[in-house]
Amino acid sequence: MLYAQVHLTLPAWVHEHVDADRTHAGDEAKVALAIELSRLNIESRSGGPFGAAVFGPDDRIVAVGVNRVLPQQCSLAHAETMAYMLAQQRTQRSRLNELEDGTRVGPFTLATSAQPCCQCYGATFWAGVDRLLIGARSEDVESLTEFDEGPLPADWIGELQKRGIEVVRDLHRDDARAVLKQYGELGGTFY
Ligand SMILES: [Zn+2]
C-alpha cells in the first residue's frame with residue numbers, strides 16, 4: 001500500500017510537564033526549558049536526549065519538540081524539526097515570521113538543548129525564526145554520545161547571520177552536557 005500521509009507525535013507527557021501559558025523571558029530561561037525537555041525525554045524513554053522549543057515575540061511557547069527518531073521510525077523527527085513543524089501547524093504559516101502577503105511578524109526564537117545537526121541546521125534557514133539559542137556544542141554531543149552531527153559549513157554561524165538569524169551559544173551548556181552524559185551512561189541509542 002502506498003502511504004500518503006505522515007503522522008508524528010510528541011510523547012503525552014509534554015501536556016503534563018509543559019505549561020504553555022507561562023512566559024520564558026530571556027535567553028537562559030528558553031534554553032533551560034529545551035534542556036528540561038531533553039532530560040524528560042530520556043527519563044521517560046520516549047526518544048533521544050534532545051529538546052527544543054519555539055517562542056513567539058511575547059516569550060510564550062508556540063511549540064515544543066523532542067527527539068522521536070527511534071519511537072517513530074523517522075530520521076527527520078529531531079527535536080528542532082518537530083518544534084518547527086508543530087509551530088508551523090499551529091500558526092498555519094510555512095515561515096513562522098512571514099504572513100502570506102509577505103508582512104514580517106515576530107521575532108520568533110528557537111531554543112535547543114544542543115547545537116543543531118546538519119539536517120536541523122538546514123531546516124533553520126527556512127523555518128522563519130529570527131534567533132537561535134543553543135545549549136551544548138556539537139563537540140559535546142559527539143564526545144558524550146554516539147550521535148553524528150553531520151557536516152556543517154565552516155562558518156555556520158555566519159551563514160545564519162547573513163540571513164538575519166542571530167545565534168547565541170553556550171547557554172546553560174553544563175546542564176545540557178549533563179543530560180547528554182546521563183544518556184551516554186544509560187547506554188545510549190536504545191530508544
Ligand atoms: Zn537535528
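Residue numbers start at 1 and run along the sequence shown.
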Is [Y] reachable from [X] through a run of hydrophobic residues whose side-chain heavy atoms are each under 4.5 Å from the next?
X: Leu86; Y: Leu33; value: yes
X: Ile61; Y: Leu37; value: yes
X: Met85; Y: Trp126; value: no
X: Val168; Y: Leu110; value: no
X: Leu8; Y: Trp13; value: yes

Given 3.5 Å as the limit, does a donor-acceptor pair link the side chain of [X] with the main chain of [Y], or not?
X: Lys30; Y: His24; value: yes
X: Asp155; Y: Gly158; value: yes
X: Arg45; Y: Asn41; value: no
X: Ser113; Y: Gly51; value: yes

Check whether the ring centres of Tyr183 and Phe147 lie less than 6.0 Å apart, and answer yes or no.
->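 Yes, the ring of Tyr183 comes within the 6.0 Å limit of the ring of Phe147, centre to centre.
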Aromatic ring proximity Phe50/His78, centre distance under 6.0 Å | no
Does CD belonging to Glu139 count more than 12 external heavy atoms closer than 6.0 Å?
-> yes
CZ/Arg169: more than 12 non-hydrogen atoms of other groups inside 6.0 Å =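 Above 12, so yes.
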Within the 3.5 Å criterion, strictly below it, is a donor on [X] or [Y] matched to an acceptor on the partner's side chain?
X: Ser94; Y: Gln88; answer: no
X: Thr9; Y: Gln72; answer: yes
X: Thr124; Y: Tyr84; answer: yes

So [Y] and [X], do their side chains get closer than 4.5 Å, heavy atoms only?
X: Ile134; Y: Val31; answer: no
X: Pro57; Y: Pro107; answer: yes
X: Ile165; Y: Asp130; answer: no
X: Thr109; Y: Leu133; answer: yes
X: Leu76; Y: Met82; answer: no
X: Leu132; Y: Pro116; answer: yes
X: Val105; Y: Glu98; answer: no
X: Val129; Y: Leu96; answer: yes

To the closest 0.5 Å, what do you measure between [atom1] ([X]) and [atom2] ([Y])?
X: Arg137; Y: Asp170; atom1: CZ; atom2: CG; result: 4.0 Å
X: Leu152; Y: Tyr121; atom1: CG; atom2: OH; result: 6.5 Å
X: His17; Y: Asp19; atom1: NE2; atom2: CG; result: 12.5 Å
X: Glu36; Y: Glu43; atom1: CD; atom2: CD; result: 8.0 Å

If you look at every heavy atom in [X] and [Y], which pair is closest and at what distance?
X: Leu40; Y: Ser46; answer: O-OG, 4.5 Å
X: Gln115; Y: Glu149; answer: O-OE1, 2.8 Å
X: Thr145; Y: Leu180; answer: CG2-O, 3.7 Å
X: Gln161; Y: Glu166; answer: CG-CA, 4.5 Å
X: Cys120; Y: Thr81; answer: SG-CG2, 4.0 Å
X: Leu171; Y: Ile35; answer: O-CD1, 4.2 Å

Chi angles and distances behind the salt bridge (Lys or Arg N to Asp or Glu O under 4.0 Å) call for Arg131, Asp27 = CA-CA 10 Å; Arg131 306 188 70 228; Asp27 294 350; 2.8 Å; yes
Do NZ/NE/NH1/NH2 and the carboxylate oxygens of Asp140 and Lys181 come within less than 4.0 Å?
->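 No, this pair does not count.
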Residues Asp21 and Arg60 bridged, charged N to O under 4.0 Å = no
Are Asp175 and Arg39 close enough, and set up right, to give a salt bridge (Lys or Arg N to Asp or Glu O under 4.0 Å), and what steps lead you there?
-> CA-CA 10 Å; Asp175 294 346; Arg39 189 182 62 76; over 6 Å; no
